[in-house]
Structures are given as C-alpha cells and as structure tokens.
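Side-chain atoms are counted along with the backbone in the values below, which use heavy atoms only and exclude waters and symmetry mates. In what follows, chains carry the letters A, B, and so on, assigned in the order in which the sequence lines appear, proteins first and then strands, with residues in each chain numbered from 1. Owing to the predicted nature of the structure, the values given are computational and were not obtained by experimental measurement.
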Amino acid sequence: MGVPPMCMTETAMPRGAHPSFLLSSDSEFSPRLANGLYSRAMKCPFEFILEATDPGCAARAGRFATPHGVVETPIFMPVGTQASVKALSQEDLYALNAKIILSNAYHLYLRPGTEIIEEAGGLHRFMHWDRPILTDSGGFQVFSLAQMAKVRPEGVTFQSHIDGSRHVLTPEKAMDIQIAIGADIIMCFDECTHYPATYEKAAASMRQTMEWAARCKAQWEAREASGQALFGIVQGSTFQELRQESAERLVEIGFPGYAIGGVSVGESREDMRAATEWAAARLPVDKPRYLMGVGSPEDFLDGIERGVDMFDCVMPTRNARNGSLFTSEGKLNIRNQRFQRDFGPLDPACKCSVCRTYSRAYLAHLYRAGEISALRLNTLHNISFMLELAAAAREAIRAGRFLDFKNTFLEKYGA
RNA sequence: GGUGGGAUGCCCGAGUGGUUAAUGGGGCUGGGCUGUAAACCCAGUGGCUAACGCCUACGUUGGUUCAAAUCCAACUCCCACCA
C-alpha cells in the first residue's frame with residue numbers, strides 16, 4: 001500500500017492512534033511527483049513519512065520530500081538569514097552534507113528585494129543551492145526588532161533596520177514574499193510572544209497568530225502555492241492551555257507541517273521542554289514538527305526526545321564566529337589562553353575536516369589574529385557537529401535506543 | 001652646537017593645582033550568545049586584603065603649597081626644525 005498523498009490527508013489522526021500505516025520499509029523514498037495519485041501532483045510534492053518511533057520516548061525518525069529533495073529527520077537546519085550561512089559558501093554546505101537550510105523572507109525582502117530574487121529565477125538559483133530551503137516569514141523580526149515595529153490585527157508596520165524606511169507586513173504579504181522567493185517550506189506570519197508574558201498577553205498574542213495563520217493558509221491556497229509546504233506555528237508562551245489551544249486551532253486549519261514557536265526566548269530549559277511537550281502532544285503524528293530557534297546540543301536532544309523532527313538555530317554559527325566551539329566533551333572557547341600551546345585536534349572524537357586537519361593552537365592563533373579563516377573553520381566545525389549529532393540521533397531512534405544515546409552523549413558533554 | 005616640543009599604568013594616548021588608582025582605545029584575562037540589526041556584547045586588568053582599607057604609582061632628584069601627574073629648578077632621555 002502506498003503512502004496517502006499529503007494533500008488529501010491534512011486532517012489530524014485521532015489522538016492516540018498508532019501511525020502504523022505511515023511506517024514505510026522503503027529505503028528509497030520518492031516524492032512521487034507524477035504517479036497519478038496526486039490530483040494536484042506537481043503542486044503538492046511535499047510529503048512526510050514517519051518511519052520509526054522510539055520505544056522509550058516520543059522520539060521519531062522519518063523523512064520528508066520537497067521539490068528540491070529528501071530530508072531525513074530529525075534534522076538540524078543551518079541558518080542562512082540573508083541567503084548565506086555566515087562565513088560559509090554553498091560549496092562548504094554541500095561538503096558538510098547539509099540537507100536543508102533556512103533563510104529569512106523579511107531580510108531578503110528588504111535586501112536585495114523580492115524582485116531581484118525573482119529575476120534570478122528564485123532563491124535556489126540566486127544563491128546556487130539546489131537542496132531544500134525553508135524561509136521564516138519575518139515573524140521573528142516582529143519580536144527581535146520590536147522597537148521598530150507596530151503590531152495591529154491587520155499586520156505589522158515596520159521600520160527597516162537598514163535605512164529606516166517604512167514597510168507593512170501582513171500575513172498575505174508574508175505569503176506573497178515567500179512564494180516569490182520560492183522556498184520549499186514557508187512559514188506562517190506569526191508573532192513570537194515575548195517572555196515573560198502574562199496569561200492575558202500570551203493569549204491575545206497567540207490568538208492573533210491563529211487568525212493570521214488562517215489568513216496565511218487562505219492566501220497560500222489562493223496563490224495555488226501548494227508546491228511549497230506551508231507550516232503553521234504554535235504559540236502560547238509558557239501556558240499549557242494556550243499551547244494546547246494553539247496546536248488544536250492550527251490542526252483545525254490544517255497544514256502540511258507544524259512548528260512550535262515562541263521558545264528559546266529567555267525561558268528556562270524546563271519551560272522550553274514543557275511548551276514543546278504540550279504542543280507536540282496535540283499535533284498530528286503524520287506531520288513534521290519543527291521547533292523554531294532551537295538549539296544548543298542539549299536542547300536539540302530534548303526536542304527530539306519529545307517528538308520534534310526539525311530544528312534550526314543560529315547558535316552553532318554565531319557561537320563559532322565568537323570562538324565558542326562544540327566538542328564531544330562540552331563547549332570550549334578557543335580564545336582561552338590554555339589553547340595557545342595545545343597542538344591536539346579541536347575535538348578528537350570529531351571526524352570533520354577541521355578536526356582532522358588543524359590544531360587547537362592554530363585555531364586559537366587564527367582567532368586572536370582576527371583572520372577571516374577562523375570564522376569559516378569554526379563555523380564548519382560547529383555545523384558539522386550539529387549535523388553529526390542529528391545523524392547519530394536518527395540512527396539511535398531507528399535502533400530503538402534514543403534515551404541511551406542521549407544520556408551517553410550528555411554524560412560526556414557535561415550539560 | 002642652537003631653538004622648540006615631549007617623557008602618564010603592558011602599548012598608544014587624555015588629563016595642566018584638590019571626589020585621580022588616574023578618561024578613551026588597543027592588548028591581555030574571563031564570561032555570554034537559542035526562528036541572526038551579532039567577526040558581537042559584558043566584565044575585569046598596579047600590589048596586599050574576604051571586606052573596610054592600606055601601600056605604591058604619571059622620566060629622575062629636589063623645591064613651592066594645606067594639597068602636585070598638573071607649578072618651579074636641575075638632571076637624564078626622546079622627537080622636530082635650523083646649523
């Protein structure tokens with residue numbers, strides 16, 4: 001029996017149902033672009049297949065297909081806000097075997113502008129990256145650039161952080177921009193609720209995001225953009241009822257995938273885990289879940305344990321540029337004096353090209369000297385670290401021993 | 001040889017009588033960074049002390065003054081220009 005096409009199965013499975021019909025033994029997954037099962041086949045190639053669940057926790061492994069290829073989950077997605085993963089080239093990303101990257105509609109809309117990307121033939125061609133891309137809508141910028149934005153039910157009025165010019169971003173416009181950019185996965189325009197928030201504020205913010213989600217879906221359908229999967233975003237801050245309500249309302253609207261937003265904004269690790277759990281429990285098992293902005297290696301594993309499939313975070317890239325590097329034995333800061341005469345590898349347990357080639361002493365020197373190569377080498381390593389961690393997690397889930405794997409990792413990592 | 005300018009904490013460099021252990025940079029030491037306005041931000045950086053505090057510091061020596069990095073004199077060294 002074939003896997004039901006995504007377009008026809010947007011309603012959630014009954015809670016508690018075992019997703020056995022979603023388990024596939026096919027080792028080769030095909031997007032089935034033209035197999036007749038799809039009434040709107042060419043517009044609807046996005047498909048998620050759940051392939052394994054861990055017996056000890058909610059962790060799951062699977063894969064999703066997009067117009068630009070297949071991605072195995074759980075996955076870490078490097079962030080390339082301005083159509084560039086900072087310090088790396090796309091050749092570097094291919095060499096790292098990154099499968100999907102993030103970009104940001106708000107930033108690309110302001111610069112270089114949507115028209116230039118369209119003229120280039122879409123973002124993939126513009127940046128020479130032919131694997132999947134996910135774009136964030138600009139919702140996070142409402143949060144991070146709050147002092148330059150005014151939020152109204154209709155949308156958000158922004159002042160550009162680049163030149164101060166005024167712009168209006170609505171759910172409809174956020175869809176139009178992302179559709180024009182041509183990402184494989186596009187995100188609803190949401191409001192990332194500030195932390196801490198009172199119940200009332202969190203509720204109002206979440207409900208506005210839900211109304212916007214319905215408008216995003218309508219615009220996405222009106223534009224017949226289903227070749228690009230649209231993900232809804234759960235909000236609700238640190239409140240169980242709100243997280244649950246948000247997830248349920250999104251499922252009612254129906255999306256090809258669901259994100260959990262409004263986490264990693266200053267709350268405790270406990271609160272982040274709880275918010276993830278509350279939301280994930282109300283999301284359909286046969287759709288991918290994406291925990292936005294997460295995270296550190298330990299938060300990444302926490303999310304996987306709770307049934308999350310996709311993650312993005314600036315931490316590996318930003319920290320790399322600031323000298324903070326992940327290793328199997330914990331984070332280290334290559335600026336520290338003790339590395340100046342340490343001629344061993346950055347992480348003896350790491351197989352990345354940087355660890356195989358350069359010493360800590362050399363990396364420490366490059367960083368102190370302000371050499372641009374320090375940024376690139378550090379970033380290569382940190383991204384490699386996260387991608388390898390994801391690969392190891394997938395393997396552990398398929399072997400049914402995710403919690404063992406996580407505990408072993410954390411014991412050595414020291415988190 | 002003459003004239004003028006200058007010597008400040010690891011380095012550069014403010015400060016021209018009194019909250020000055022001494023502004024700012026850099027360097028150095030450490031910390032932070034979670035849908036990227038971030039190759040960024042924060043803190044510390046004379047000695048002793050847990051702290052109150054004490055001591056030592058603005059080329060050297062001496063002087064004026066209640067009080068000197070700041071005023072005066074001599075000396076040492078450096079720089080610029082002129083011979």
Is the phosphate of B:rA39 approached by A:Asn319 (side-chain N or O, under 4.0 Å from OP1 or OP2)?
no
Separation between the P atoms of B:rG44 and B:rG26, rounded to whole Å
15 Å
Taking the P atom in each of B:rG47 and B:rU29, what is the distance between them to the nearest angstrom?
16 Å
Counting neighbours of CD on A:Glu395 that are heavy atoms of other residues, nucleotides or ligands and sit closer than 6.0 Å, is the number greater than 12?
no
Could you measure between the two C1' atoms, the one in B:rA57 and the one in B:rG15, and give it in whole Å?
16 Å
Considering the options A:Phe48, A:Tyr290, A:Phe46, which one meets the ring pair (Phe, Tyr, Trp, His ring centres under 6.0 Å) requirement together with A:Phe64?
A:Phe46
Nucleotide B:rA43, atom C1' - distance to CZ of A:Arg335 in whole Å:
12 Å
Do the two ring centres, one from A:Phe140 and one from A:Phe143, sit under 6.0 Å apart?
yes
Rounded C1' spacing from B:rC78 to B:rC28 in Å
28 Å
Say we look at B:rG6 and B:rC12: how far apart would their C1' atoms be, to the nearest angstrom?
15 Å
Across the strands shown, which category fits A:Gln235 at heavy-atom distances under 4.0 angstrom: base, sugar-phosphate, nothing?
base
So if I take every side-chain heavy atom of A:Asn333 and compare against B:rG31, B:rU34, B:rG35, which nucleotide ends up nearest?
B:rG31
Tell me what A:Gly262 touches on the nucleic acid: a base, only sugar-phosphate, or nothing, going by heavy atoms under 4.0 Å.
base
Of the residues in residues 176-193 of chain A, which ones touch RNA chain B at a heavy-atom distance under 4.0 Å?
A:Asp190, A:Cys192
On a whole-Å scale, what distance lies between the C1' atoms belonging to B:rG17 and B:rC58?
15 Å
So A:His381 and A:Cys350, do their side chains get closer than 4.5 Å, heavy atoms only?
yes
Residues passing the ring pair (Phe, Tyr, Trp, His ring centres under 6.0 Å) test with A:His128, sequence neighbours excluded, are none
Interatomic distance, A:Gln337 CD vs B:rG44 P [rounded to whole Å]:
20 Å
Quick one: ring-ring contact (aromatic ring centres under 6.0 Å, His included) pairs with a partner in residues 302-348 of chain A, sequence neighbours left out?
A:Phe300-A:Phe311, A:Phe326-A:Phe385
RNA chain B contacts among residues 134-152 of chain A, heavy-atom distance under 4.0 Å
A:Asp136, A:Phe140, A:Gln141, A:Ser144, A:Leu145, A:Gln147, A:Met148
Scan A:Arg368 against the nucleic acid and name what it touches under 4.0 Å (heavy atoms): base, sugar-phosphate only, or nothing.
sugar-phosphate
A:Arg273 and A:Glu277 ion-paired at < 4.0 Å
no
For the pair made of CG in A:Leu291 and P in B:rU34, what is the distance, rounded to whole Å?
14 Å
Write out the stems for RNA chain B, ordered by first number and formatted as range with range, counting runs of at least 3 consecutive Watson-Crick or G-U wobble pairs under 3.5 Å.
B:1-7 with B:76-82, B:10-12 with B:24-26, B:27-32 with B:40-45, B:46-48 with B:53-55, B:59-63 with B:71-75
Taking for each residue the nucleotide of RNA chain B bearing the nearest heavy atom, is the 5' side occupied by A:Arg338 or by A:Arg318?
A:Arg338
Send over the distance from A:Ile260 CD1 to B:rU34 C1', rounded to a whole Å.
15 Å
Tell me, which of residues 93-109 of chain A have any heavy atom that sits under 4.0 Å from an atom in RNA chain B?
A:Leu102, A:Asn104, A:His107
Could you check how far CG of A:Leu332 sits from C1' of B:rG32, rounded to whole Å?
15 Å
Roughly how far apart, to the nearest Å, are B:rA14 and B:rG59 at atom P?
14 Å
Take atom P in B:rA69 and the same atom in B:rG9, then report the distance between them in whole Å.
14 Å
